[in-house]
S.K.: 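Got a structure for you, written out below as structure tokens; questions coming shortly.
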Amino acid sequence: MIAEIPSPATDSAEPLPIRRLQESLINRIAAGEVIHRPASALKELVENSLDAGATSIRVTIKDGGMKLLQIQDNGCGIRKSDLPILAERFTTSKLKTFSDLSRIQTYGFRGEALASMSHVSHLSVVTKTKSESCAWKACYVDGHLTPPKPGQSVDPKPCAGNDGTTITIEDMFYNTPTRLSALKSSSEEYSRILDVLTKYAIHNPKVAFVCKKAGTYLRHFGTRLTHTLQAGSPTPDLSSPSASETPNNIRLLYGHSIAKELVPVQVSSKDKKFTREDEDEDMEADEPEGDPEEWHAEAHITNANYQAKKMVFLLFINRTTYSPPTAPCSLLDLFKDRLVESSRMRRAFEAVYNGILPKGSSPFVYLSLEIDPRLVDVNVHPTKREVHFLNEEEITERISDTFQRALAVQNHSRTFEYQTLLTGGVASTGQDLSQKRKGKQREISDPVEEDDEESSSNLSKASKLKKTLSQHKVRTSLKDRTLDSMFPVENPAHVASSSSQGKSQDESTGKTLKSREIKESVCFLTSVLDLRRKITKGKHRQLTEILEKHTFVGIVDLQRSLSLIQHSTNLYLVNHGSLAEELFYQLGVRQFGNFSRMKLDPPPPLRNLVEIAVNAEDSTKNSKLTKSQIIDRIVKILMPRREMLAEYFSLCISDAGLVESLPLLLRDYTPNLNNLPSFLMRLGPQVDWTSEIECFESFLRELAYFYTPGETVVPTAGSDDEQAQDQAERWQIQHVLFPAMRRYLFAPKSLLDRDVVQAASLPDLYKVFERC
């Protein structure tokens, strides 16, 4: 008879009781979180050997580490008195209090690795310190000492051995068949083990690593090490010398194809964040020195000539300071680098190479990052595979930018592999090849080479010259003609008086003005300094570089504020209105308290200008105030503050309420004065007059909006005047605005959302043409 089990979903069912799990079950569950596969166990053991100051680590594997995993080092060893609790959970020599986590300087600290291994395998340890006369051997099961043979005591047994520790793991996951069945083949697990050892060998060039497969294995705890392994592999699958260097180990372990394309890179928090012109050095001098959150990164990355299907990314946090094995183990002062993963950094570095490598190709990146241990949180993952550290996003961006600059320097030379003939063999001459093709393919040759065919020596010299491919030939001279240079355009400052003065068009056509440098004003107000620092911090480096080195192509749509610019082999469609608004805001912050003045003659009354704007504004119909009340309120806001407006912004309003002058942000640029009434009206409700920094920022934003080029509010009288005004605005955009952007604009990232769009790429167009 089968008893019926009550369903917990019924209303009458009682809740299940809460039970305390057995200690063995708890430990086995915890072991599954730490030891995922043989490679993860080896990683823990290698880190223990490095913590012990080992300079030689030998690893022996059988069946991918599932039957046998043995590691032997020459470190400081383990005291005999510590062996009874060696495999118990949370027993460690590297941590005493919780505060020690903030300055941890070793790989391990929780004391869970050996305990976890003893719960899922048969564990034995042979160790000897320098002060002891013999080695000691101990065997463990489920975290406790166990006799090597039935009937023997559990105490450690004396044996022969060298200084250091040898740890042997047998029959991994023998008591967890589900985990054992989930593992890959022995060859796959062995390749994972080699991958872990290779990464640690690259990062620890002063330590010798050896890894080989074992042969016939005799399972007998009492035999010596020399009798245990028989007929092993004749040569190791991995071997690295001691006292080496990182590039040498990369060459030895990853091959010459990677080593010959390596680019060494170093970057630290002390490096300059931005590279601007000499006029911007004053802003960098304001940054605080002696940042306590210092960091340093050393990397070896491949250039554009190396291409792989899968990215190889080696990331180590904090740098190991080498100490000789003669130093006492308890006195080793090491900054242990952790082999960790960072998806943020991987994505950032892949983005750096996206514009350099073909689609589907990946680079090799080795990165060693040194940070103050107090800024690193290592206790975030059971296997310590991931760590968190302070300012991770900023550090990643700085390193990515450094990689970008280093690759740009190396990108002048590229090497491409190609097949000369589809069928192999010796390549034929150009004449024979053209005859074989029988007109199916056109033979493309340079006219210069055709003239040189008479002389073989000239041919050999020409072949040695480095040619620039057509898809990389771009126009970079600012003297070349643009779309607007074909139309005569007058200087907008003389549009109204050009007919009376009789100025020729040739004097003001197609030439960029050489304006004076706009120096940063001296200001000690904390709010203004904060605004300047905010602009500098929000700078997007790549977009700023595009604007600094762009070539103006032409205006696409004046009414929609769209223009084309070129940078390198890319063509960008930009909203010059949004760029100009950000430029004028930054110029306002830059010249705060020291603006030039644009006098209005005759000075218009403030009240009349505000009245014009209020009458033209449709939104005032929904207000509870009448238009006259709105005008009075705006005038009452501005008139008591006219001294402050004159001192800080050069907006002069007389006692009689006449607007005498406006701030001049950029020489040779005149804003659309038809928008002056709207500007003065918006100063009332749009500016926050209650707080200093909000007041300055909102006022300068409104001033920048007033200066931004846009559609004319009041239509001109005739078609000729309208055309002249249109040409004048085009002239200002090309010859005044874009040169000022190139020189002064710190482009923020927000402009990438919809104001700067890549319209075309010359290499991509060539790929399309090649398919056709």
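Keep in mind that the numbers below use all heavy atoms, side chains included, and drop hydrogens, waters and symmetry copies. Keep in mind it's a predicted model, so treat the numbers as computed, not measured.
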S.K.: Keeping the roles fixed (side chain from Lys157, backbone from Asp155), state whether a donor-acceptor pair exists under 3.5 Å.
M.R.: yes
S.K.: Nearest 0.5 Å, what's the CG-OG distance between Leu369 and Ser342?
M.R.: 9.5 Å
S.K.: Is Lys80 salt-bridged to Glu132, going by a charged N under 4.0 Å from an acidic O?
M.R.: no
S.K.: Are the charged groups of Arg405 and Asp401 less than 4.0 angstrom apart, N to O?
M.R.: no
S.K.: With sequence neighbours left out, what residues match Glu393 under salt bridge (charged side-chain N to carboxylate O under 4.0 Å, His left out)?
M.R.: none
S.K.: Look at atom CD of Gln542 and say whether more than 12 heavy atoms of other residues, nucleotides or ligands are closer to it than 6.0 Å.
M.R.: no
S.K.: Have Thr168 and Gln70 got a donor and an acceptor in their side chains that come within less than 3.5 Å?
M.R.: yes
S.K.: Other residues, nucleotides and ligands only: do more than 12 of their heavy atoms fall within 6.0 Å of CZ on Arg58?
M.R.: no
S.K.: Please check: side-chain N/O of Arg398 versus main-chain N/O of Val267, any donor-acceptor pairing under 3.5 Å?
M.R.: no
S.K.: Checking side-chain polar atoms at under 3.5 Å, does Tyr366 have a donor or acceptor matched by the opposite partner on His203?
M.R.: yes
S.K.: For the pair Ser361 (side chain) and Leu357 (backbone), establish whether a donor and an acceptor sit closer than 3.5 Å, ignoring hydrogens and angles.
M.R.: no
S.K.: Any donor-acceptor pair under 3.5 Å linking the side chain of Asn303 with the backbone of Asn305?
M.R.: yes
S.K.: Who passes side-chain hydrogen bond (donor to acceptor under 3.5 Å, both in side chains) against Ser49, sequence neighbours left out?
M.R.: Asp73
S.K.: CE of Met66 to CD1 of Ile61: how many Å apart, nearest 0.5 Å?
M.R.: 10.5 Å
S.K.: Just checking, any donor-acceptor pair under 3.5 angstrom between side chains of Ser56 and Asn74?
M.R.: no
S.K.: Would you say the side-chain atoms of Asn204 pair up with the backbone N or O of Tyr200, donor to acceptor, closer than 3.5 Å?
M.R.: yes
S.K.: Which residues satisfy the salt bridge (charged side-chain N to carboxylate O under 4.0 Å, His left out) test with Glu188, sequence neighbours excluded?
M.R.: Arg192
S.K.: Donor-acceptor pair, distance only, cut-off 3.5 Å: does the side chain of Ser118 make one with the backbone of Ala115?
M.R.: yes
S.K.: For this output row, return yes or no: ring centroids of His122 and Tyr140 closer than 6.0 angstrom.
M.R.: no
S.K.: Does some side-chain heavy atom of Ile71 sit less than 4.5 Å from a side-chain heavy atom of Ile57?
M.R.: yes
S.K.: Any chance you could measure Met172, atom CE, to Ser40, atom OG, to the nearest 0.5 Å?
M.R.: 7.0 Å
S.K.: Under a 4.0 Å threshold between the charged nitrogen and the carboxylate oxygen, would Lys130 count as salt-bridged to Asp163?
M.R.: no
S.K.: On the six-membered ring of Phe313, is Arg346 placed so that its NZ or CZ lies under 6.0 angstrom from the centre and within 45° of the ring axis?
M.R.: no
S.K.: Can a donor-acceptor pair be found, under 3.5 Å and without considering hydrogens, that links the side chain of Ser239 to the backbone of Pro236?
M.R.: no
S.K.: Would one find more than 12 heavy atoms of other residues, nucleotides or ligands at under 6.0 Å from atom CG of Asn162?
M.R.: no
S.K.: Would you say the side-chain atoms of Thr302 pair up with the backbone N or O of Phe364, donor to acceptor, closer than 3.5 Å?
M.R.: yes
S.K.: Nearest 0.5 Å, what's the CG-CG distance between Leu45 and Leu69?
M.R.: 6.5 Å
S.K.: Quick one: does any side-chain atom of Ser269 pair with a main-chain N or O of Trp295 as donor and acceptor, under 3.5 Å?
M.R.: yes
S.K.: What do the steps show when you test Leu314 against Tyr254 for side-chain contact (heavy atoms from CB on, under 4.5 Å), and what is the final call?
M.R.: CA-CA 12 Å; Leu314 282 66; Tyr254 281 99; 3.8 Å; yes
S.K.: Going by distance alone, is a donor N or O of one side chain under 3.5 Å from an acceptor N or O of the other, for Tyr190 and Asp237?
M.R.: yes
